Visitor: 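Let me begin by handing over the structure; questions about it come next.
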Amino acid sequence: MNRRYGNAQTIGSNVYQNTYFMTKQLRDGFLAVLADGTIDSVTGAYGAILACESIAKGMTATEDAEKELERQFVRAAALLHERLYKGRMPRMSVLAACFAGDGMVYRSVGELSLVNFDGRHVTVMEEGAGQMEKRGRLTLLCSPGIWQALSEIDVEKLLSGSGHPYKKAQNMIEAVNRRNLKDQRSALAVIVT
């Protein structure tokens with residue numbers, strides 16, 4: 001089943017773009033992965049890229065997605081320790097959502113948010129793992145820079161309506177940029193329907 005998705009991001013007042021995302025069509029579903037290097041440095045940027053690419057490469061199907069996501073998160077953490085952080089604890093937030101049929105399995109570590117929108121209300125999930133039904137719902141995967149600039153009511157308004165997820169993501173980042181916050185973190189929005 002093909003999913004419609006859209007994305008947008010802004011670097012905010014950072015020097016480096018430390019957020020990254022990937023989407024992947026699986027043979028029986030769809031995967032979206034988002035990572036935030038959490039620090040404004042080249043290491044944070046590389047870490048976000050490495051985490052997303054590692055998880056996306058390892059996921060090939062939605063069968064037993066909960067266990068497979070856990071396995072890929074462990075694998076990504078090992079790569080981050082080995083290649084970038086040399087045994088130190090990585091400063092990294094990672095969120096992955098695997099969509100199949102009318103369901104979604106997710107796993108999140110760190111400050112990223114998974115937002116489920118039913119057309120009227122948003123439900124925000126942060127660090128953890130779980131499953132949920134997706135029928136008739138829209139999913140937003142986002143970095144903390146979204147919440148730094150926008151309220152929950154702002155997010156509900158931006159997710160409402162029948163527009164394409166790409167346009168909704170673009171509108172969300174434009175709203176973040178309009179706030180013109182002095183210390184705006186990088187903001188990334190990935191929307192999947």
Side-chain angles (χ1 to χ4, degrees), residues 1-7 9 18-39 43-118 122-144 146-147 159 165 169 188-193:
M1 168 186 276
N2 288 332
R3 299 278 175 178
R4 292 183 345 152
Y5 71 93
N7 65 280
Q9 63 186 26
N18 61 346
T19 56
Y20 190 74
F21 83 98
M22 291 188 79
T23 59
K24 180 179 179 181
Q25 188 68 46
L26 304 173
R27 67 174 172 255
D28 57 348
F30 184 80
L31 174 71
V33 185
L34 175 73
D36 183 346
T38 69
I39 55 175
T43 302
Y46 288 153
I49 293 167
L50 180 61
C52 284
E53 290 184 355
S54 171
I55 292 168
K57 181 179 180 184
M59 289 294 292
T60 57
T62 61
E63 184 179 326
D64 204 9
E66 207 164 351
K67 273 190 177 171
E68 192 57 37
L69 278 177
E70 181 179 5
R71 189 174 9 261
Q72 296 310 320
F73 269 59
V74 168
R75 185 171 158 263
L79 285 171
L80 288 166
H81 279 289
E82 175 190 323
R83 295 187 183 171
L84 289 179
Y85 291 95
K86 307 296 183 209
R88 296 178 318 230
M89 188 64 157
R91 293 175 57 185
M92 179 74 48
S93 295
V94 182
L95 168 61
C98 190
F99 302 86
D102 290 328
M104 176 188 63
V105 173
Y106 67 92
R107 176 168 286 279
S108 180
V109 175
E111 299 179 328
L112 301 171
S113 298
L114 179 75
V115 178
N116 200 27
F117 182 63
D118 65 6
V122 297
T123 304
V124 181
M125 285 151 283
E126 293 176 350
E127 195 167 40
Q131 300 179 33
M132 68 177 52
E133 186 167 319
K134 283 294 299 148
R135 182 177 294 142
R137 297 181 182 166
L138 176 145
T139 301
L140 164 68
L141 295 84
C142 66
S143 67
I146 297 292
W147 298 115
L159 294 176
L188 173 57
V190 177
I191 299 173
V192 181
T193 58

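Because the structure is a prediction, the values reported are computed rather than measured.
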Visitor: For Ser108, enumerate each residue passing the side chain to side chain donor-acceptor pair (under 3.5 Å) test, keeping only those at least two apart in sequence or located in another chain.
Guide: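 Side chain to side chain donor-acceptor pair (under 3.5 Å) check on Ser108 returns nothing, list empty.
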Visitor: Look up atom CG in Leu114 and atom CE in Met104, then write down how far apart they are to the nearest 0.5 Å.
Guide: 4.5 Å
Visitor: Identify, with sequence neighbours excluded, every residue that meets side chain to side chain donor-acceptor pair (under 3.5 Å) alongside Gln131.
Guide: Glu66
Visitor: Please find the pair of heavy atoms, one from Met22 and one from Ala56, that lie closest to each other, and give the distance.
Guide: SD-CB, 4.0 Å
Visitor: Using atom types as modelled and distance alone, determine if a side-chain donor or acceptor of Ser93 lies under 3.5 Å from a backbone N or O of Glu111.
Guide: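 Present.
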Visitor: Which atom pair, heavy atoms only, marks the closest approach of Gly37 to Ala48?
Guide: N-CB, 4.0 Å
Visitor: Once rounded to the nearest 0.5 Å, what's the spacing between atom CD of Glu127 and atom OG of Ser113?
Guide: 11.0 Å
Visitor: Once you round to the nearest 0.5 Å, how far does OG1 of Thr60 lie from CG of Leu26?
Guide: 7.5 Å
Visitor: Indicate yes or no: at least one non-hydrogen side-chain atom of Tyr46 is less than 4.5 angstrom from one of Arg83.
Guide: no
Visitor: Provide the closest heavy-atom pair for Thr62 versus Cys98 in the form atom of the first, atom of the second, distance.
Guide: CG2-SG, 3.4 Å
Visitor: For a 4.5 angstrom cut-off between non-hydrogen side-chain atoms, does Leu188 reach Asp36?
Guide: no
Visitor: In terms of heavy-atom contacts, does CD of Glu133 have more than 12 from other residues, nucleotides or ligands at under 6.0 Å?
Guide: yes
Visitor: So, do Ser143 and Leu112 sit near enough that their side-chain heavy atoms are less than 4.5 Å apart?
Guide: yes
Visitor: Nearest 0.5 Å please: distance from the CZ atom of Phe99 over to the OG1 atom of Thr193.
Guide: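 Going from CZ on Phe99 over to OG1 on Thr193, the span is 9.0 Å.
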Visitor: Can you see which heavy atom on Leu31 is nearest to which on Ala96, and at what distance?
Guide: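 Closest approach of Leu31 to Ala96, heavy atoms only: CD1-CB, 4.4 Å.
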Visitor: What is the minimum heavy-atom distance between Asp28 and Ala100, and which atoms define it?
Guide: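 It is O-CB, 3.8 Å.
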Visitor: Kindly compute the distance separating CE (Met59) from CZ (Arg71), expressed to the nearest 0.5 Å.
Guide: 9.5 Å
Visitor: Less than 4.5 Å apart, any side-chain heavy atom of Phe73 and any of Val94?
Guide: yes
Visitor: Rounded to the nearest 0.5 Å, what separates atom CE in Met92 from atom NE2 in His81?
Guide: 10.5 Å
Visitor: Quick one, Asn116 and Lys134 - any side-chain contact, counting heavy atoms below 4.5 Å?
Guide: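 SC-SC contact between Asn116 and Lys134 confirmed.
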Visitor: Hey, does Met125 have a side-chain heavy atom less than 4.5 Å from the side chain of Met132?
Guide: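 Yes, at least one pair of side-chain atoms sits under 4.5 Å.
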Visitor: Start with the C-alpha distance between Tyr5 and Leu141, add both sets of side-chain angles, then the distance that settles side-chain contact (heavy atoms from CB on, under 4.5 Å), and finish with yes or no.
Guide: CA-CA 11 Å; Tyr5 71 93; Leu141 295 84; over 6 Å; no
Visitor: If you look at every heavy atom in Ile146 and Ala189, which pair is closest and at what distance?
Guide: CD1-CB, 4.2 Å
Visitor: Checking the side chain of Arg4 only, and the main-chain atoms of Pro165 only, is there a donor and an acceptor separated by less than 3.5 Å?
Guide: no
